[in-house]
Amino acid sequence: MAEVSIPINGVNYKITCDDGQEERLLELARYFDGHVQSLSDQIGNVADSRLMLLAGLTVCDDLLETKQRLRDMEQNTGTINEDGAAEIIATAAKKVREVTGRLDQAS
């Protein structure tokens, strides 16, 4: 097992993961931290536990919305076509760019 130090809202957390998964864990941490930072900027000073809960719910909302869009596409076409997949990827990329922009501004 590998141990990785991930920064969330300026605090480092030591997390264990399977060997070879360190970069993926860091990528997930950066994504999650983007949500935490965005919420922190919006609502100001709030307890870390509440901030983490709100960020987790925001990430879950993104996930459920994406799953619903996939289900809708599958129902409409019987399968996910190339255009539908491209639209999902473009939407996800836009969200990543927004989070990255917020992180750049916060630095």
Side-chain angles (χ1 to χ4, degrees):
M1 295 294 279
E3 186 173 89
V4 179
S5 179
I6 60 170
I8 304 292
N9 200 31
V11 176
N12 287 320
Y13 296 90
K14 291 192 183 289
I15 305 292
T16 58
C17 64
D18 290 335
D19 291 333
Q21 293 298 309
E22 299 89 349
E23 283 302 315
R24 178 65 174 167
L25 183 57
L26 289 168
E27 179 183 5
L28 294 170
R30 284 188 293 272
Y31 180 78
F32 185 74
D33 189 47
H35 282 278
V36 171
Q37 293 298 321
S38 176
L39 286 167
S40 180
D41 291 346
Q42 290 173 19
I43 60 179
N45 192 14
V46 65
D48 280 346
S49 60
R50 184 170 172 84
L51 187 60
M52 297 294 179
L53 173 63
L54 292 171
L57 291 172
T58 301
V59 171
C60 287
D61 183 52
D62 287 350
L63 174 64
L64 291 177
E65 181 181 315
T66 300
K67 283 182 157 186
Q68 184 60 49
R69 290 182 70 201
L70 286 171
R71 278 192 295 273
D72 291 347
M73 288 178 155
E74 288 172 342
Q75 287 176 354
N76 290 336
T77 64
T79 184
I80 297 175
N81 63 27
E82 198 172 303
D83 291 337
E87 181 183 340
I88 291 169
I89 292 168
T91 300
K94 179 181 175 189
K95 287 185 177 186
V96 169
R97 283 192 301 273
E98 289 171 357
V99 168
T100 303
R102 286 187 221 127
L103 287 172
D104 289 343
Q105 291 174 353
S107 303

Peer 1: Check residues 46-55 and write down every donor-acceptor pair under 3.5 Å in which the side-chain atom is one partner and the other belongs to a residue at least two apart or another chain.
Peer 2:
none

Peer 1: If you measure from CG on L25 to CG on D18, what distance do you get to the nearest 0.5 Å?
Peer 2: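 The CG atom of L25 sits 10.5 Å away from the CG atom of D18.
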Peer 1: Quick one: pull up CD in E27 and CZ in R30 and give me the separation to the nearest 0.5 Å.
Peer 2: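 If I round to the nearest 0.5 Å, the distance is 6.5 Å.
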Peer 1: List the residues meeting side chain to side chain contact (heavy atoms under 4.5 Å, CB included) with E22, not counting sequence neighbours, and say none if there are none.
Peer 2: A2, V4, C17, D19
Peer 1: Distance from I6 atom CD1 to N12 atom CG, nearest 0.5 Å?
Peer 2: 9.0 Å
Peer 1: Is there a chain of hydrophobic side chains (I, L, V, M, F, W, Y, each step under 4.5 Å between heavy atoms) that links V59 to L70?
Peer 2: no
Peer 1: Quick one: side chain to side chain donor-acceptor pair (under 3.5 Å) partners of Y31, sequence neighbours excluded?
Peer 2: H35, D62
Peer 1: Given the rule that I, L, V, M, F, W and Y join up when any side-chain heavy atoms are under 4.5 Å apart, are L28 and L57 in one cluster?
Peer 2: no
Peer 1: For a quick test of reading the model, state the closest non-hydrogen atom pair linking P7 to S5 and the distance between them.
Peer 2: CD-O, 3.9 Å
Peer 1: So which residues get pulled into M1's cluster when ILVMFWY side chains under 4.5 Å apart are joined, directly or through others?
Peer 2: none
Peer 1: With sequence neighbours excluded, tell me which residues meet salt bridge (Lys or Arg N to Asp or Glu O under 4.0 Å) with E23.
Peer 2: none
Peer 1: The criterion is side chain to side chain donor-acceptor pair (under 3.5 Å); which residues satisfy it with Q68, sequence neighbours excluded?
Peer 2: R71, D72
Peer 1: Measuring from T58:OG1 to L63:CG, what's the distance to the nearest 0.5 Å?
Peer 2: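 Going from OG1 on T58 over to CG on L63, the span is 12.5 Å.
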